[in-house]
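Reading through the structure tokens given below for one structure.
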Amino acid sequence: MHLVLFFIFGGLCVAGALNLLLQRHPINSALSLIVVMTSLAVLYLLLGAEFLAAAQVIVYSGAIMVLFTFVIMLLNAGREEKTHGSKAAYIVGFPGAAAILGVLAYIFLKQSGNLGSAKLGEYLVTTSDLSRVLFRDLLLPFEVTSVLILIAILGAVALARKGHE
Amino acid sequence: MNMQLARILPEVILTITGVIIMLAEPLLQKNSSRKPLGWFAVLGTLAALFASMWQLHLPDGTAYFGTVQTDAYSVFFHVLIAGIVLATLLVSLDSIDGSAESVGEFFALICFGAVGMMLMTSAVELLLVFIGLEISSISTYIMACFRRKSAKGPESAIKYFLLGSFATAFFLYGIALIFGATGTTAIAAIGRILTVGQTPLLAVVGLAMILIGIGFKVSAAPFQVWTPDVYEGAPSPVVGLMSTAPKAAAFAVLLRILYVAFPLLHYHWQPLVWWMAVLSMCVGNLGALRQQNVKRMLAYSSIANAGYLLAAFTALSQEGVAAASFYAVTYAAMNVGIFAVVSHAGGFGDRLTLVQDYRGLAYRSPLLGGAMAFFLISLIGIPFTGGFFGKFYVFAAALHSGMVWLTIIGLINSGIACYYYLRLLAAVYSKPVHTDLLDGIPRPTMPLLLALVLTVAATLILGIVPGQVLSLARAGANTLVPYVTTAMK
């Protein structure tokens, strides 16, 4: 049962990601991103991370994607113009991506014995486990993230503001 | 004082400085000068510098559940980063003021960026390294875009942003794979786990991904493509900063990761770093030969210098770590210095771009010309300048570890590099042609003079009495030494 669900939503996730790249209209890409995010949430749930799954739906599918679609609609972005793309992407990009995929697949398959396995749906990561890691062991990285967000906001304001003159 | 807080005191000081600048900026009159904010940033950086030095008196140790560690190594790079930021702030006080909007935000961004870089050097937990790397990268992406009126500014910033994010993704994926292989993201714990069991191949792939990510950040070949375009488009004081401080932090992190977490895998990573060093030296120096644009030439020179620094990594000895740390200091002193001259001579809009535009700089302003000549001589690596001892220690360390070919290739490259540095040097001291261009150069102001004195003095001291800085670098390297000695077996 868990395995079936995993394959359905794993496949949906990959299909959504491919569709995201292939679509010409930004709004279609944004909608496929929602598919990706939601199926990821289901995968998290299958691994027992219930809080993370809920947060994924609320934050990504809910807040971020709504903003995305709003921005696209406000900008009234049209279809992308078809370009030939860069030559470098064809010569280096695709073989490179294929090589990385191949290497990783080979290693995961070869090392599957050493790495151990996790049964789907076997145990539950409770919110208290998660918060122990987030607010105790990784307290400093968590707090420093606020500086990261602060400079992102500061930069957006500084770059988007119209000149003084 | 709270021991935990004392371990991140310089970062806390800089964050508070940045926040105060950010909050004070809207309170100032719309057309008033933003210089007081810049001076405040200088003060904050000075305080952070002294706080870092004070940290030397703390016993070595970690804080916040083993995520940050203060030791001689972290303090060494903290002081270096604070020094670079200080010089950059002094240079930008005049060259950015009035010619760009959002000057206040610029000063705040420099402070916040320094927080990220400093955290990288003291972090012993890969997730904290990642967040520090992101803070320093995002602040530099934004600062690279400050020449918005020129088309090249935003273009270079977008390029930098896209490629930089791509590199960060590699770095993060590497961390994830290493976590999958070892079950931890604490750098020392990874080293312990890898010594016990057999080496999982997954950890090697993770390490390769981290090397790619950091390779992009330090513009080492073959990940250097973005460098010339970005350096050409970004404001000169920012280039002086981003070619030194984030790179020093990234090198410090890479040294810590390679020597503490993966000493046993050195037969995997040493050849990779060897090739990166050789490629960077050759691509950088050969690329610089063809350049007419001064900033592009210096960009290629920074690629070559990343190669020299990586050469020290392959030494696998305490001497190598010390040489790399020392080289980071000398390169920072001369590069921040030369970009200080370029920013003042070229102004915010980069009036002087080509090598021939600099013809007669020494006649127009003997001070600027002399300073530029001095930094060029140091970049070539002539004795009595910091550049000489930097290269000397790097190649001595490589040679002592039996890296004969690397040393030979490095020395040939230093020879090639003479050509393009001397071309600029000759231009500076030849009879002026474009007098109208040179007449536009304003008189050097007080903050610029301070920055020049700082960088010239640093380069000179490193070239004449390198002993003290070298012993500090050695003390820093000693904190990585238990791991280094296991790697040598």
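None of the values given here were measured: they were computed from a predicted structure. Chain naming here is simple, since letters A, B, ... match the order of the sequence lines and numbering starts at 1 in each.
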Pairwise side-chain contact, Glu134(B) with Thr145(A), heavy-atom cut-off 4.5 Å (strictly under): no
Contact origin within Met209(B) toward chain A - heavy atom pairs under 4.5 Å: side chain
Ile100(A) vs Phe170(B) side-chain heavy atoms within contact, under 4.5 Å: yes
Close side-chain approach of Leu202(B) to Phe108(A), heavy-atom, < 4.5 Å: yes
Enclosure of Phe68(A) CZ (heavy-atom neighbours >12, cutoff 6.0 Å): no
Gap separating the CD1 atom of Ile131(B) from the CD atom of Glu143(A), nearest 0.5 angstrom: 10.5 Å
Contact class of Ile107(A) relative to chain B, heavy atoms under 4.5 angstrom: side chain
Structural part of Ser139(B) lying under 4.5 Å from a heavy atom of chain A: both
Region of Ile151(A) in contact with chain B, defined by heavy-atom distances below 4.5 Å: both
Heavy atoms of other groups near Leu172(B) CG, more than 12 under 6.0 Å: yes
CZ (Phe161(B)) with more than 12 external heavy atoms under 6.0 Å: no
Side chain to side chain, Thr67(B) and Asp137(A), heavy atoms closer than 4.5 Å: no
Pick from Val157(A), Leu150(A), Leu139(A), Ile149(A) with the largest number of heavy-atom pairs that fall under 4.5 Å of chain B: Leu150(A)
Phe142(A) vs Leu127(B) side-chain heavy atoms within contact, under 4.5 Å: no
Residue among Thr15(B), Val19(B), Leu14(B) satisfying side-chain contact (heavy atoms from CB on, under 4.5 Å) with Val147(A): Thr15(B)
Distance in Å, Phe112(B) CZ paired with Leu148(A) CG, rounded so as to fall on 0.5 Å steps: 11.5 Å
Whether over 12 other heavy atoms sit under 6.0 Å from Phe166(B) CZ: no
Which portion of Val129(B) sits near chain A, non-hydrogen atoms under 4.5 angstrom: neither
Nearest-0.5 Å distance that lies between atom CG in Leu159(A) and atom CZ in Phe146(B): 6.0 Å
Considering all heavy atoms, the nearest Leu154(A)-Ala108(B) contact: CD2-CB, 3.9 Å
